[in-house]
Amino acid sequence: MGKIIDTSLLDDAIKFAVDAHKGAERRGKGFPYIVHPMEAVAIVATITADQELLAAAALHDVVEDTDYTEADIRERFGDRVASLVATESDIVVEGKSDEESWHERKQAAIDRLAKASHDGKVVAMGDKLSNMRAIARDFAAEGSGFWNRFHTTDPKEHEWHYRGLAQSLSELSDTDAYKEFIELIDKTFL
């Protein structure tokens, strides 16, 4: 039998995320939303075994996509996990639709990750690589019509966003996750 480790925080975070995302579908995918946070956890686990980072990866979309708040995460999982989740949460631009605020929100994310701690970048890598895997897979299967499912349909805007994220996460360039991220960006945005 292998070494026994305390995974109680991660276990609780996974259960919380499953409940928070219950019934939600990953955008047009036909499978439960929770698959994405679990993939993010698996990616983060290739970089670190830190249970708080793994928990933050499981919870990274809870504040952005459910009725739970950063305060809820802080109360249940502590300051560090809540701060890491906040680093991953998209801003809301008052008075603008998601389409109108897309570029502004994505620039804010790029800037926020450029200034983020190493730990924040590790959690973000899990999310961003999971997203880029889905984009590369769906683009290969569907072609250029794939971009129509997004708030911004111009692939050049998506390339700008992902290359900006890559620059902000370049501190992780020695990890397999980052290397895969770059390969998928280059493959998708020829």
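Here, residue 1 is the first one in the sequence, and each next residue gets the next number. Since we're looking at a predicted model, the values are computed, not measured.
- For Glu171, the salt bridge (Lys or Arg N to Asp or Glu O under 4.0 Å) partners are Lys121, not counting sequence neighbours.
- Looking only at atom types and distance, the side chain of Asp6 has a donor-acceptor partner in the side chain of Ser8 under 3.5 Å away.
- Between Ile34 and Ile14, every side-chain heavy-atom pair lies at or beyond the 4.5 Å cut-off.
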Validation: residues 183-190 side-chain donor-acceptor distances under 3.5 Å, sequence neighbours left out:
unit_1	atom_1	unit_2	atom_2	d
Asp186	OD1	Arg163	NH1	2.9
Asp186	OD1	Arg163	NH2	3.2
Thr188	OG1	Leu184	O	2.8

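- Here Asn148 contributes atom CG and Thr153 contributes atom OG1; the two are 6.0 Å apart, rounded to the nearest 0.5 Å.
- Other residues sharing a hydrophobic cluster with Phe31 under the 4.5 Å side-chain heavy-atom criterion for ILVMFWY residues are Val35.
- Using the six-membered ring where Trp is involved, Tyr178 and Phe181 have ring planes that are tilted, between 30° and 60° apart.
- No side-chain donor-acceptor contact under 3.5 Å links Thr46 to the backbone of Ala42.
- In this structure Ala124 satisfies the side chain to side chain contact (heavy atoms under 4.5 Å, CB included) test together with Glu88, Leu113, Leu169, sequence neighbours excluded.
- Residue pairs that meet the salt bridge (Lys or Arg N to Asp or Glu O under 4.0 Å) test with at least one member in residues 58-69, sequence neighbours left out, do not exist here.
- The closest side-chain heavy-atom distance from Val123 to Thr87 is not below 4.5 Å.
- The side-chain hydrogen bond (donor to acceptor under 3.5 Å, both in side chains) contacts involving residues 122-133 comprise Arg26-Asn131, His36-Asp127, His36-Ser130, Glu39-Ser130, Glu39-Arg133, His60-Asp127, Asp127-Asn131, Arg133-Glu180, where partners must be two or more places apart or lie in separate chains.
- Between the side chain of Ser170 and the backbone N or O of Ser173, no donor-acceptor pair lies under 3.5 Å.
- Under the rule for a ring pair (Phe, Tyr, Trp, His ring centres under 6.0 Å), the partners of Trp102 that lie at least two apart in sequence or sit in another chain are His158, His161.
- Cluster annotation: Tyr33 is not connected to Leu129 through the hydrophobic network of ILVMFWY side chains, with a link wherever side-chain heavy atoms come within less than 4.5 Å.
- Between the side chain of Glu100 and the backbone N or O of Ser97 there is at least one donor-acceptor pair closer than 3.5 Å.
- Looking at residues two or more places apart in sequence or on another chain, you find a salt bridge (Lys or Arg N to Asp or Glu O under 4.0 Å) between Asp50 and Arg80.
- For the salt bridge (Lys or Arg N to Asp or Glu O under 4.0 Å) test, residues two or more places apart in sequence or in another chain that qualify with Lys96 are Glu104.
- Partners of Asp79 under the salt bridge (Lys or Arg N to Asp or Glu O under 4.0 Å) rule, at least two apart in sequence or in another chain, are Arg74.
- Remark: Ala108 engages Ile91, Arg112 in a side chain to side chain contact (heavy atoms under 4.5 Å, CB included) (not counting sequence neighbours).
- Looking only at side-chain heavy atoms (C-beta outward), Thr7 and Gln51 come within less than 4.5 Å of each other.
- The hydrophobic cluster containing Val85, built from Ile/Leu/Val/Met/Phe/Trp/Tyr side-chain heavy atoms closer than 4.5 Å, also comprises Leu9, Phe16, Leu59, Val62, Val63, Tyr68, Ile73, Phe77, Val81.
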